[in-house]
Amino acid sequence: PDAGTFYLKRLLRIYPLYVFAIIALVIFSIVTKFGVLPDLAGISTHLLLIQNFWPRFAETIEPPMWTMAVDAQFYLALPIVASLCAHGISRVSPEKRFTAMSVVLLSIAAVAVLLRFIVMTIRPESAGSFAQQIVYLKQLPEMGFSFSVGAAIALIELRFPGYRFPPYLFAAGVAVAVGHALSRVGAHGASTYSHTYAFGFAFYDAFAAIAAGLMFVALPRSSRFARHVSFAAGISYAIYLFHYPLLAYFSDGLFHVSK
């Protein structure tokens, strides 16, 4: 679709429920006195989807909402980047376009990892808290690896329609995901800085994207399975917006876990 249609569809898909979640969570915080009630500035930055630029606001209302800000900024940039890529690729012969786009995506992924490494080298304290990580290590350019994986899957399926990936890739994805979950590199900071630690942190989120990509391409493509995926996709956004505060609230009530 054209850029205007794309923006409108993304706005209608994401923003109404997002605003409803903000209102509901603020009311929930007032009624239950659970968590920290955000001030007007915190609410405003969330409504404008720019909370990821300030540590003070990055985790107010609901910490996982920082991803919505990055997603919105990605959607704003996507038509522009796609237009530039299309203009450049049009000058390449058809038989070489797949290779050219592969190089572009690999370059974006490499730049994303390099940016994280540079930030960690200049500001090692960035990993000290999750709010600092959001502001300094999880901006749109640094999340380019994850977006590149998704684009690469779409590109491969367009280039090789009907190709069945080996089922063992799903097991490989699970193994990567387990290793990522067990790894503490980049999750809680480090007592001493080193280039090895900075390199590990640079790749930390990349492993999650790789795991998801491997599992996705290995899944079946039957119409029945597609219906299940569509249903899950339809409800996943609402679950994502509300899962964290509900888990935190009930965990605190049952196990007296601090915020």
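None of these values were measured; they are calculated from a predicted model.
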Heavy atoms only: give me the nearest [X]-[Y] pair and the separation to one decimal.
| X | Y | answer |
| --- | --- | --- |
| L105 | A151 | CD2-CB, 3.8 Å |
| V149 | G213 | CG1-CA, 4.1 Å |
| M65 | L25 | CE-CD1, 3.9 Å |
| Q139 | Q73 | OE1-OE1, 4.2 Å |
| S148 | A109 | OG-N, 3.7 Å |
| G144 | A112 | N-CB, 3.8 Å |

To the nearest 0.5 Å, tell me how far [X] [atom1] sits from [Y] [atom2].
| X | Y | atom1 | atom2 | answer |
| --- | --- | --- | --- | --- |
| D71 | L140 | CG | CG | 9.5 Å |
| I80 | C85 | CD1 | SG | 12.0 Å |
| H46 | I61 | NE2 | CD1 | 4.5 Å |
| M215 | I210 | CE | CD1 | 11.5 Å |
| L17 | Y240 | CG | OH | 13.0 Å |
| Y18 | Y237 | OH | OH | 7.5 Å |

Side-chain donor or acceptor of [X] paired with backbone N/O of [Y] under 3.5 Å:
| X | Y | result |
| --- | --- | --- |
| R97 | V92 | yes |
| T45 | G42 | yes |
| E142 | K138 | yes |
| T121 | F117 | yes |
| Y75 | F6 | no |
| Y168 | A218 | no |

Grouping I, L, V, M, F, W and Y whenever their side-chain heavy atoms are under 4.5 Å apart, do [X] and [Y] come out in a common cluster?
| X | Y | value |
| --- | --- | --- |
| L246 | L241 | yes |
| L115 | V113 | no |
| I50 | M143 | no |
| V111 | L106 | no |
| L40 | I22 | no |

request  = May I have the step-by-step check of side chain to side chain contact (heavy atoms under 4.5 Å, CB included) for L137 and M120, ending in yes or no?
outcome  = CA-CA 8 Å; L137 297 165; M120 278 295 297; 3.9 Å; yes
query = What do the steps show when you test M101 against R159 for side chain to side chain contact (heavy atoms under 4.5 Å, CB included), and what is the final call?
reply = CA-CA 11 Å; M101 278 304 303; R159 180 65 176 80; over 6 Å; no
ask   = Of the options V70, T67, V135, which is the one that meets N52 in a side-chain contact (heavy atoms from CB on, under 4.5 Å)?
value =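 Testing each of V70, T67, V135 against N52, the sole residue satisfying side-chain contact (heavy atoms from CB on, under 4.5 Å) is V70.
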query = Taking atom CZ of F53 as the centre, does the number of heavy atoms from other residues, nucleotides or ligands within less than 6.0 Å exceed 12?
reply =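 Yes, CZ of F53 has more than 12 neighbouring heavy atoms, counting only those of other groups under 6.0 Å.
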ask   = Any idea how F147 and F74 line up, ring-wise: parallel (<30°), tilted (30 to 60°), or perpendicular (>60°)?
value =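 Plane angle under 30°, so parallel.
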inquiry  = Using side chain to side chain contact (heavy atoms under 4.5 Å, CB included), reason through Y15 and L47 one step at a time and then give a plain yes or no.
reply    = CA-CA 9 Å; Y15 201 63; L47 290 173; 4.0 Å; yes
request  = Could you walk me through whether T60 and Q51 pass the side chain to side chain contact (heavy atoms under 4.5 Å, CB included) test, one step at a time?
outcome  = CA-CA 9 Å; T60 58; Q51 70 270 25; 5.7 Å; no
ask   = Are any of the side-chain heavy atoms of I156 and V217 separated by less than 4.5 Å?
value =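 Side-chain contact under 4.5 Å: no.
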request  = Using a 4.5 Å cut-off on heavy atoms from C-beta on, say whether the side chain of P79 contacts that of Y7.
outcome  =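 In contact.
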query = Taking the six-membered ring for Trp, is the centroid-to-centroid distance between F160 and F98 below 6.0 Å?
reply =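 Here the rings of F98 and F160 have centres that are less than 6.0 Å from each other.
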